[in-house]
Amino acid sequence: MLRLERVTKVYKVGTFGGTSLRAVDDVSFDLRAGEIVSLIGESGSGKSTIGRMVLRLARVSSGVITFDGSDISTLRGGSTKAYYGEVQGVFQDPFSSYNPVFKVDRVFTMIRDGYFRGIGTGEWHDKLHGALGVVGLTPGEVLGRYPHQLSGGQLQRLLIARALLLDIRLLVADEVISMLDASTRIDVLNVLADLKQRGLGILFITHDLSLGNYISDRTLILRHGRVVEVGPTQKVLGDPRHSYTRALLASVPQLHRKWGDEELVASVAGNGTPALPGDPGADGLLAVGDGHFVAPEPEAGPS
Amino acid sequence: MSVRVDELKVYYRTLRGDVQALDGVSFEIADGEIMGLAGESGCGKSTLGKSLIRLDSRMRHLGGSVTLDGRDLPVSDDRGMNEFRFKEVSIVPQYAMSALNPTRKVGKIAEELLESRGIDFDAVRPELERRLELVGLSTAVLGMFPIELSGGMKQRTVMVLSTLLNPSLLIADEVTSALDVSSQRAVAEMLVEFRERHFVKSVIFITHDLAILYQTADTILVMYGGRLAEKAPADDIISRPKHPYTQLLISSLPEVGVRHEEKRLSGIPGRPPSLLDPPTGCRFRDRCPLAFEKCVEQPPFVEIEPGRHVACWAAS
Amino acid sequence: MSTQPRALDERGDAAAPVVAPIVPAPAGAAPGAPRVRRSEFLYFALRNGKLVLGLSIVLLCLLIALVGPLLTDHAPLAFEGPPAEAPSREHWLGTTASGQDVYSQFVHGLRSTFVVGALGGGLAALIAMVVGFTAGYRGGIVDEILSMLTNVVLVIPTLAVLIIAAAYLTVRGFVAEALFIGFTSWPWAARAVRAQTFSLVSRDFVDMARLSGRSSRQIILREIAPNMSSYLLLMFILLFGGAILIGATLDFLGLGPSNAMSLGLMMNNAVLWGALLLGTWWWFIPPGVGIMAVVGGLYVMNVGLDEIFNPRLREL
């Protein structure tokens with residue numbers, strides 16, 4: 001459904017735009033219908049940039065992003081609008097995603113004005129209430145309110161409901177729960193997992209490995225704009241082969257083991273980084289298992 | 001006893017009434033103890049931290065007392081606290097790393113900060129450099145601008161500056177929240193290191209992340225709705241939580257290794273109470289699966305086992 | 001001055017301890033705004049001394065300008081009365097050196113002052129908004145070009161241009177003067193609008209509007225401008241007052257309209273005819289007071305409005 005081929009994004013920075021910054025460097029992956037793919041990385045890894053490029057909010061410097069086979073950078077005017085009827089996004093900061101001078105209903109009326117011009121009031125109500133029901137909200141408690149009167153969790157779920165009104169096939173979720181409280185995070189995550197059951201594809205961007213592990217089918221680990229490891233989530237996070245992935249996993253605070261115990265984890269995953277067989281494929285990654293790929297690491301000395 | 005808080009009541013005055021941010025909290029922190037202060041938004045943990053150093057002019061102190069090393073902390077008096085701030089009690093506020101003046105070099109910021117406290121910068125400079133190296137920063141940092149440092153580096157710098165005069169109590173307010181996973185670990189471990197080296201005596205580590213407290217704190221104090229819910233040694237509170245809120249909170253945390261298909265986690269329905277007009281009795285009662293008639297009366301924060309305090313009728 | 005910057009802790013707290021940022025719903029943008037917001041705005045508006053004072057003065061002058069000419073049957077430019085006579089029952093503010101009625105000149109002049117202010121200020125505001133929004137929203141090369149244009153207009157010596165224009169145009173009216181002022185006084189406002197637009201464009205709700213298929217023009221008009229409505233109002237008031245001042249200055253220097261009367265022209269004539277030396281105070285004091293009252297009233301009103309729109313400036 002969605003495919004990225006050798007996508008790169010270069011920014012010009014510095015005084016007079018002298019130096020260039022490769023925010024995304026030669027990234028390729030694809031996302032099938034009904035699949036959740038996590039992009040995991042720290043800040044500066046390029047994961048949000050990839051999300052913005054998929055949403056056409058930023059331009060690709062080189063490489064191609066295709067949706068259903070057609071290059072999205074060639075879309076203009078009416079076809080862009082059609083694209084947004086299939087692909088939508090939800091961002092990190094729920095309070096910044098709403099125009100503070102208007103009520104939250106406005107995000108829905110914008111969709112109605114844009115995509116459902118002639119729809120009858122009754123039909124619209126049914127559609128709206130249906131979408132709210134899917135995300136677990138009752139119309140009475142959220143409609144007619146201003147953003148500052150609702151909680152972050154409710155606002156995020158409203159945005160997901162907005163996306164559902166359009167019958168989308170792909171949702172880009174960029175750090176959607178990092179600003180929410182622990183007790184509401186899981187509610188939003190569960191909504192996303194349920195949507196996957198209904199056939200929606202989700203590009204889940206996060207820095208938190210536990211979240212990626214909870215809901216995603218496949219995981220990409222990004223570092224400085226490059227793919228470091230990719231594969232089925234249980235493989236990547238259960239049997240990490242790249243030292244960066246291992247370091248990330250070791251730094252995540254867990255509730256059942258302490259940081260001092262990570263030697264155990266390392267020994268389980270294998271002593272050091274074993275010599276990886278074969279040559280890198282076209283995208284520079286080595287295959288280490290079924291669908292599991294790792295970026296080659298420079299020859300290290302004794303680990 | 002290093003720190004002793006007794007029935008502290010703090011509120012904010014707003015147009016719509018008084019927000020009772022802290023409603024009678026009492027607890028103790030031993031010498032050399034790292035106490036984690038956990039809770040969600042609006043529970044009052046930041047207010048508690050700030051009230052111990054009185055850094056927010058909108059706060060009104062309504063009652064209660066705080067004793068530090070046997071001395072009374074003038075928490076109701078802005079001027080009075082001036083003597084204690086930075087020297088006895090120090091705070092690393094939320095987003096401190098974004099508070100570094102971008103037009104000044106770090107060394108100059110440090111110098112101005114110390115001079116404003118009446119301390120000769122040149123006299124403490126060797127110690128400052130030593131500590132910077134201890135936390136893994138080169139002394140060249142003093143000659144750099146904040147924008148040249150990464151988030152983790154800035155946070156470490158701010159923490160070194162805040163603890164330079166070896167305060168008895170350090171309040172670290174969400175110091176790891178805005179950082180990457182690898183920096184989080186470095187900063188959290190740094191707090192423990194500071195305690196080991198006696199740069200600080202006791203630490204209050206305020207965060208919403210229970211997992212990081214499990215890794216670094218000795219005890220954890222969970223707050224809800226402006227009141228204390230539970231306090232216990234970190235290992236105990238994670239493995240055997242007594243308060244229903246703590247139990248629900250821990251069970252809603254996804255961990256690496258838990259997948260949705262295997263075990264569907266659930267959150268806590270409802271929302272925290274508004275502190276403008278809080279409900280009578282136990283504040284968690286509307287969302288609590290164990291609530292019964294007695295809960296309309298505020299449960300006291302009592303010690304049910306040595307070292308464990310809980311405020312819940314069902315638990316005690 | 002416009003949208004309140006929100007720190008994470010304020011936003012995250014369910015019971016925000018700060019005065020909730022109040023953005024008064026601009027007329028037409030949020031139909032059916034709940035009562036509390038309108039009345040909150042009025043609450044502060046009526047209590048703000050500066051706004052009440054400033055607005056009263058301006059409205060009073062406006063009233064005089066509208067009603068004043070109807071109360072007299074002397075034409076402003078007619079040479080009817082005895083020369084240089086002090087205020088009397090016949091001529092309420094006396095006469096000029098050549099026998100024109102000062103009162104008549106004053107009230108007609110006040111009218112044209114308002115017209116120049118509204119027209120000139122309005123035109124400047126319009127250009128500033130078009131340039132500022134486009135530069136701020138589009139960025140890149142469009143921004144570069146528009147900024148260059150802004151800077152060029154900023155440094156044009158308007159006085160020199162006007163003198164040259166005056167030499168070429170034999171008959172000049174108020175409209176021409178207003179247009180001239182409008183076309184030359186917008187740069188600072190354009191820059192301010194551009195800066196505000198930059199900060200708003202990076203907010204997520206603009207991206208959301210794009211994802212809803214909105215065009216750029218729609219986004220600027222319906223997403224960005226309403227957020228800046230208070231700022232745009234203040235800007236317009238400043239441009240209005242500024243236009244009046246510039247107009248009066250031009251008139252005073254003799255570069256003003258050649259076929260009508262204004263307050264600046266009155267002062268110009270008064271000085272030319274030696275009113276200061278001869279002590280015919282009734283000729284130059286009223287216009288001076290008039291200009292001062294209108295412009296001063298507008299500026300004081302502005303300060304008051306700023307306090308109302310920005311809760312941080314308010315005293316609780």
Side-chain angles (χ1 to χ4, degrees), chain A residues 36 40-45 136 141 150-154 177-194 196-197 206-217 233-234 236-238 240 244 247-262 265, chain B residues 38-43 150-152 176-189 192 207-217 224 234-235 237-239 241 245 248-272 274 287:
Chain A
I36 301 187
I40 298 185
E42 300 185 306
S43 57
S45 58
E141 69 177 359
L150 299 175
S151 76
Q154 288 172 313
I177 58 181
S178 52
M179 284 195 170
L180 304 180
D181 276 329
S183 58
T184 47
R185 274 182 197 194
I186 205 73
D187 290 331
V188 176
L189 268 188
N190 284 338
V191 165
L192 291 177
D194 292 340
K196 174 199 126 124
Q197 307 294 346
T206 181
H207 65 272
D208 190 336
L209 290 95
S210 346
L211 303 176
N213 189 69
Y214 185 65
I215 59 167
S216 62
D217 301 309
T233 306
Q234 281 167 304
V236 171
L237 295 179
Y244 179 66
L248 271 188
L249 269 173
S251 305
V252 172
Q254 304 263 305
L255 282 179
H256 58 267
R257 70 170 172 82
K258 301 246 179 177
W259 278 329
D261 302 341
E262 82 252 25
V265 176
Chain B
E40 297 176 302
S41 311
C43 70
S150 78
T176 54
S177 309
L179 299 177
D180 285 330
V181 165
S182 36
S183 309
Q184 271 190 6
R185 180 173 174 178
V187 169
E189 291 187 328
V192 180
T207 176
H208 60 273
D209 189 349
L210 272 178
I212 220 173
L213 290 180
Y214 174 68
Q215 304 288 336
T216 51
Y224 183 80
D235 290 337
I237 211 175
I238 297 293
S239 52
Y245 173 63
L248 286 173
L249 195 58
I250 292 175
S251 65
S252 77
L253 299 176
E255 283 210 77
V256 182
V258 175
R259 286 187 61 77
H260 178 257
E261 292 93 41
E262 297 160 13
K263 177 176 157 200
R264 189 190 166 105
L265 302 171
S266 59
I268 309 176
R271 292 175 65 184
S274 152
R287 304 165 81 189

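Throughout, protein chains are lettered first and strands after them, A, B, ... in sequence-line order, and every chain is numbered starting at 1.
The minimum heavy-atom distance linking Arg185(B) with Ser251(A) is given by the pair CD-CA, 3.9 Å. Contact detail for Ser182(B) and Glu42(A): the closest heavy-atom pair is OG-OE2, 2.6 Å.
With a threshold of 4.5 angstrom between heavy atoms, Leu150(A) approaches chain B through N, CA, C or O but not through any side-chain atom. With a 4.5 angstrom heavy-atom cutoff, Ile238(B) touches chain A only via side-chain atoms. For a residue to count as touching a neighbouring chain, one of its non-hydrogen atoms must lie under 4.5 Å from one of that chain's; by this rule Ala186(B) does not touch chain A. Only the side chain of Leu249(B) comes within contact range of chain A, with heavy atoms under 4.5 Å apart. For Thr216(B), the part sitting under 4.5 Å from any heavy atom of chain A is the side chain, from C-beta outward, and nothing else.
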### Message
Please evaluate residues Val252(A) and Ser210(A) with respect to the criterion side chain to side chain contact (heavy atoms under 4.5 Å, CB included), reporting the C-alpha separation (whole Å), side-chain torsions for both, the decisive distance (0.1 Å), and the verdict.
### Response
CA-CA 8 Å; Val252(A) 172; Ser210(A) 346; 4.3 Å; yes

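The OG1 atom of Thr206(A) sits 11.5 Å away from atom CG of Asn213(A), with the distance rounded to the nearest 0.5 Å. To the nearest 0.5 Å, atom CD1 of residue Ile36(A) and atom OG1 of residue Thr233(A) are 9.0 Å apart.
Donor-acceptor pairing under 3.5 Å is recorded for the side chains of Asn190(A) and Tyr214(A).
For the set Gly41(A), Gly44(A), Ser216(A), Gly152(A), the entry with the most heavy-atom pairs within less than 4.5 Å of chain B is Ser216(A). Of the listed residues (Ala193(A), Ser43(A), Gly212(A)), the one with the most heavy-atom contacts under 4.5 Å to chain B is Ser43(A). Taking Gln234(A), Arg185(A), His207(A) one by one and counting their heavy-atom pairs under 4.5 Å with chain B, the maximum is reached by Gln234(A).
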